[in-house]
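Shown next, in structure tokens, is the structure this report addresses.
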Amino acid sequence: QVQLVESGGGAVQAGGSLRLSCAISGLTGSTYSVGWFRQAPGKEREGVAGMNSGGTPSYPDSEKGRFTISLDNTKKTLYLQMNSLKPEDTAMYYCAARPWAYCTPVMCLRLDWYNSWGQGTQVTVSS
């Protein structure tokens with residue numbers, strides 16, 4: 001069973017940076033998908049970064065150049081580096097995983113692709 005625990009959220013001013021972490025346990029095997037999603041109040045959860053076990057990242061056009069997803073396989077930790085943050089980035093951020101599944105760039109950002117979720121970490125960006 002895969003378990004994920006996010007950390008690293010907080011309050012930051014516009015233009016600042018944050019790095020979110022997601023400790024992953026139970027993700028065995030050489031094939032998997034991992035991703036980061038966010039949900040703002042009153043809005044649907046959306047994908048902001050995804051990656052397959054081949055190391056290919058994917059981002060929605062709105063986040064390309066600002067967000068970077070990475071995975072430290074030794075520490076079993078997934079990261080999301082967020083730069084040039086905007087007030088509209090304010091949301092609860094969730095990490096997600098799906099073992100034994102290799103996502104395409106489009107699938108990596110789909111909510112319904114994943115079957116394991118963390119509890120979320122809050123990011124608040126002030127203007």
Side-chain angles (χ1 to χ4, degrees):
Q1 184 176 357
V2 179
Q3 294 185 323
L4 307 104
V5 179
E6 302 95 336
S7 61
V12 63
Q13 290 191 329
S17 298
L18 275 177
R19 188 176 78 158
L20 306 183
S21 299
C22 174
I24 305 175
S25 60
L27 191 64
T28 59
S30 59
T31 303
Y32 52 81
S33 306
V34 290
W36 285 97
F37 291 75
R38 69 184 179 192
Q39 188 167 19
K43 294 188 176 181
E44 294 185 351
R45 193 171 298 191
E46 61 178 356
V48 297
M51 188 168 67
N52 56 39
S53 45
T56 304
S58 61
Y59 308 95
D61 289 342
S62 57
E63 313 311 338
K64 283 182 180 177
R66 295 198 306 129
F67 290 5
T68 303
I69 187 172
S70 61
L71 177 65
D72 184 327
N73 269 314
T74 302
K75 296 182 179 179
K76 301 294 185 185
T77 303
L78 182 69
Y79 298 101
L80 181 68
Q81 177 67 44
M82 305 186 293
N83 299 326
S84 303
L85 284 164
K86 309 172 184 178
E88 51 264 44
D89 293 319
T90 295
M92 186 71 79
Y93 283 72
Y94 301 87
C95 61
R98 179 173 170 176
W100 301 110
Y102 189 94
C103 55
T104 65
V106 171
M107 295 305 295
C108 286
L109 297 175
R110 286 181 60 96
L111 192 69
D112 57 0
W113 178 253
Y114 296 92
N115 55 14
S116 297
W117 294 85
Q119 83 290 347
T121 186
Q122 177 69 37
V123 171
T124 302
V125 184
S126 59
S127 56

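- Residue Ser33 comes nearest to Ala101 through the heavy atom pair OG-O, 2.7 Å, listed as atom of the first residue, atom of the second, then distance.
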- Derivation of the side chain to side chain contact (heavy atoms under 4.5 Å, CB included) call for Lys76 and Ser25: CA-CA 7 Å; Lys76 301 294 185 185; Ser25 60; over 6 Å; no
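- Ion pair Asp61/Lys64 flagged as a salt bridge, since at least one NZ, NE, NH1 or NH2 atom sits closer than 4.0 Å to an Asp/Glu carboxylate oxygen.
- Using a distance-only test at 3.5 Å, with no hydrogens or angles considered, a donor-acceptor pair links the side chain of Glu6 to the main chain of Cys95.
- In terms of heavy atoms, Pro87 sits closest to Ser127 at CG-CB, 3.9 Å.
- Taken from CG in Asn73 to CD1 in Ile24, the straight-line distance is 8.5 Å, to the nearest 0.5 Å.
- Remark: Lys43 NZ to Met92 CE distance equals 15.5 Å, nearest 0.5 Å.
- In the displayed structure, Glu44 atom CD is contacted under 6.0 Å by at most 12 heavy atoms of other residues, nucleotides or ligands.
- Both Val123 and Trp36 belong to a common hydrophobic cluster when Ile, Leu, Val, Met, Phe, Trp and Tyr are linked at side-chain heavy-atom distances under 4.5 angstrom.
- The same ILVMFWY cluster, assembled from side-chain heavy atoms under 4.5 Å apart, contains both Met107 and Trp117.
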- Message: What verdict does the side chain to side chain contact (heavy atoms under 4.5 Å, CB included) test give for Val34 and Leu27, after you've listed the backbone C-alpha separation in whole Å, the side-chain angles of each residue and the deciding distance to 0.1 Å?
- Response: CA-CA 10 Å; Val34 290; Leu27 191 64; 4.1 Å; yes
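- In this structure, CG in Leu20 is found 10.5 Å from CD1 in Ile69, a value given to the nearest 0.5 Å.
- No continuous path of hydrophobic side-chain contacts links Leu109 to Leu4 [ILVMFWY only; heavy atoms under 4.5 Å].
- Between the side chain of Asn52 and the main chain of Cys103, a donor-acceptor pair closer than 3.5 Å is present.
- Within the 4.5 Å cutoff, the side chain of Tyr59 has heavy atoms near those of the Thr68 side chain.
- The two atoms that bring Gly26 and Val2 nearest to each other are O-CG2, 3.6 Å, heavy atoms only.
- Closest approach of Tyr114 and Cys108 over heavy atoms only: OH-O, 2.6 Å.
- Side-chain atoms of Tyr94 never come within 3.5 Å of backbone atoms of Gln39 as a donor-acceptor pair (strictly under, hydrogens ignored).
- Taken to the nearest 0.5 Å, the CG atom of Asp72 stands 12.5 Å off from the SG atom of Cys22.
- Looking only at distances, a side-chain donor or acceptor of Ser53 sits under 3.5 Å from a matching main-chain atom of Tyr32.
- Between Arg38 and the choices Thr121, Thr90, Asp89, the side-chain hydrogen bond (donor to acceptor under 3.5 Å, both in side chains) rule is met once, by Asp89.
- Between the CZ atom of Phe37 and the CG atom of Leu111 there is a distance of 5.5 Å, given to the nearest 0.5 Å.
- In this structure, the separation between CE on Met51 and CG on Leu80 is 11.0 Å, given to the nearest 0.5 Å.
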- Residues Met82, Val12; criterion side chain to side chain contact (heavy atoms under 4.5 Å, CB included); working and verdict: CA-CA 11 Å; Met82 305 186 293; Val12 63; over 6 Å; no
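- Annotation for Arg110: atom CZ does not count as buried by contact number, only 12 or fewer foreign heavy atoms lying within 6.0 Å.
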